[in-house]
Amino acid sequence: MMDTYASVLSRRSQRWSQLLQETPLVEKNLTVKRFVRKGVPNEHRARIWMAASGALEKLESNNGYYQSLLAAEHDTKLKESIHTDMHRTFPDNILFKTKAESCLQQALYNVLVAYGHHNKDVGYCQGMNFIAGYLMIITKDEEQSFWLLDALVGRVLPDYYSPAMLGLKTDQEVLGELVRTKAPAVGQLMDQYPGIWTLVVSRWFICLYIDILPIETVLRMWDCLFYEGSKVLFRVALTLVIHHQSEILRARSLPDVCECFKQITQGAFTLDCHTFMQKIFIEPGRLSKTTINKLREKYRKNIIQEESQQP
């Protein structure tokens, strides 16, 4: 697979270099959207993510802000929470080994502490260390990683990481509704187990598929996430479910379902990132932002109402 994919990468790289020479400013148009869906070469990723997400604009209009956050006095609880997770962040990755020459651990710590002070409503939440870690691997730059994290947590995925995690809870229910529409038999099976979506997909969404899907597949998905927004998360989840309907429907108990959802993220289907990314825009069919927003509004209200009635 990698032999074939290497030639795809080489072709994409040449086309991207040509596109960026012709139009150095990354605009949102059909050509760029098509290019992003086919994959952004690693050497251009930071630039495309920064431009597409609005992070570049924020960085340029807030000169010195990141440094001022680092220079401020840091909350003890926040520092302790982040320190606890440091050694758990990609322990097998050479870039995060403390003995490595260019260890990214301190830079990652800085990004998370700065973000905790920048967004006090969120502070630090488990899962953010992996996301910021991926951003550091791609950008190799603290300030860029900080503003990309801000784009994700503040705009692309609002309320995923707030203490109540209302956005995350809402999106799990939205996915359940979409499955009922697009794969009714699976929807019917899942309805037998209340709260099942939290069990099987909360980690998919909160970690943006890190350590769930192969690394190159995650990066390809993030290309589209930064460019097209959070509906890409639903496309990935729906494709995994639709493509593996027969396996899921064989489940006879709650543990069976959970195990099946673990298995469907592994193997040749998700490893072949190029084909997988083509599938996510075909298999789930039409999925508009309007549909997702309406469903979000409906389930958000339901969750708020249910939680307000709890003793």
Notebook entry, point to check: Near Lys301 NZ, under 6.0 Å, is it more than 12 heavy atoms from other residues, nucleotides or ligands?
Noted result: no
Item checked: Flag for Ser288-Thr291: side-chain donor and acceptor within less than 3.5 Å -> yes
Margin query: Side chains of Glu259 and Gln263 only: does a donor on one sit below 3.5 Å from an acceptor on the other?
Written below: yes
Note to self: Looking at Lys58, I want to see if its NZ is surrounded by more than 12 non-hydrogen atoms of other residues, nucleotides or ligands under 6.0 Å.
What the structure shows: no
Margin query: Please check if the number of heavy atoms outside Ile282 that lie under 6.0 Å from its CD1 is greater than 12.
Written below: yes
Checklist line | Nearest heavy-atom neighbours spanning Ala251 and Asp256 | finding: CB-CB, 3.7 Å
Checklist line | Ala114 backbone acceptor or donor facing His118 side chain under 3.5 Å | finding: no
Note to self: Out of the candidates Lys38, Glu43, His44, only one should pair with Val40 under the side chain to side chain contact (heavy atoms under 4.5 Å, CB included) rule; please name it.
What the structure shows: His44
Notebook entry, point to check: Are the side chain of Asn293 and the backbone of Lys289 linked by a donor-acceptor contact shorter than 3.5 Å?
Noted result: yes
Check: Quick one: CD on Glu57 to CG on Asn62, what's the gap to the nearest 0.5 Å?
Finding: 10.0 Å
Note to self: Here's one to test your reading of the geometry: is the NZ or CZ of Arg12 within 45 degrees of the ring axis of Phe35 and under 6.0 Å from its centre?
What the structure shows: yes
Check: Quick one: CG on Leu208 to CE on Met221, what's the gap to the nearest 0.5 Å?
Finding: 6.0 Å
Notebook entry, point to check: Is there side-chain contact between Ser162 and Asp121, with at least one heavy-atom pair below 4.5 Å?
Noted result: no
Margin query: Taking the ring centre of each residue, are Tyr66 and Trp147 less than 6.0 Å apart?
Written below: no
Margin query: Measuring only between side-chain heavy atoms, which start at C-beta, is Tyr134 closer than 4.5 Å to Ile215?
Written below: yes
Next item on the list: Tell me yes or no: between the side chains of Glu283 and Thr239, is some donor less than 3.5 Å from an acceptor?
Entry: no
Notebook entry, point to check: Between Asp150 and Phe146, is there a donor-acceptor pair closer than 3.5 Å when you use the side chain of the first and the backbone of the second?
Noted result: no
Check: Under 3.5 Å, side chain of Arg296 to main-chain N/O of Gly167, donor-acceptor pair present?
Finding: no
Checklist line | Spacing of CD belonging to Gln305 relative to CZ belonging to Arg300, to within rounding of 0.5 Å | finding: 14.5 Å
Margin query: For Lys262, is there any backbone N or O sitting under 3.5 Å from a side-chain donor or acceptor partner on Thr265?
Written below: yes
Notebook entry, point to check: Is there side-chain contact between Asp159 and Thr170, with heavy atoms separated by less than 4.5 Å?
Noted result: no
Checklist line | Side-chain donor-acceptor contact under 3.5 Å, Asp75 with His117 | finding: no
Notebook entry, point to check: Do Tyr299 and Asp171 get their side chains close enough for a donor-acceptor pair, meaning under 3.5 Å?
Noted result: no
Notebook entry, point to check: Has the side chain of Lys169 got a donor or acceptor atom that lies under 3.5 Å from a matching backbone atom of Ala164?
Noted result: yes
Item checked: Pair Glu306, Asn302: side-chain N/O donor-acceptor within cut-off below 3.5 Å -> no
Margin query: I need the Ile280 CD1 to Cys224 SG distance, nearest 0.5 Å.
Written below: 5.5 Å
Notebook entry, point to check: So His243 and Phe269, would you call those rings parallel, tilted or perpendicular, with 30° and 60° as cut-offs?
Noted result: parallel
Next item on the list: First locate atom CG of Leu19, then atom CZ of Arg34, and finally report the distance between them rounded to the nearest 0.5 Å.
Entry: 9.5 Å
Notebook entry, point to check: Are Asp223 and Arg37 ion-paired here, with the side-chain N under 4.0 Å from a carboxylate O?
Noted result: no
Next item on the list: State, without any angle test, whether Thr217 and Thr270 hold a side-chain donor-acceptor pair at a distance under 3.5 Å.
Entry: no
Item checked: Pair Gln106-Asn110, side-chain hydrogen bond (donor to acceptor under 3.5 Å, both in side chains): steps then yes or no -> CA-CA 6 Å; Gln106 184 59 48; Asn110 290 348; 3.0 Å; yes
Next item on the list: Quickly, which of Trp49, Tyr209, Tyr227 forms a ring pair (Phe, Tyr, Trp, His ring centres under 6.0 Å) with Trp222? Name it, please.
Entry: Trp49
Margin query: Side chains of Trp16 and Val36, heavy atoms from C-beta outward: is any pair under 4.5 Å?
Written below: yes
Check: So does Lys77 pair up with Glu80, basic N to acidic O under 4.0 Å?
Finding: no
Checklist line | Test item: side-chain donor near acceptor, Asn119 and Tyr161, under 3.5 Å | finding: no
Item checked: Side-chain heavy atoms of Lys79 within contact of Tyr124, under 4.5 Å -> no
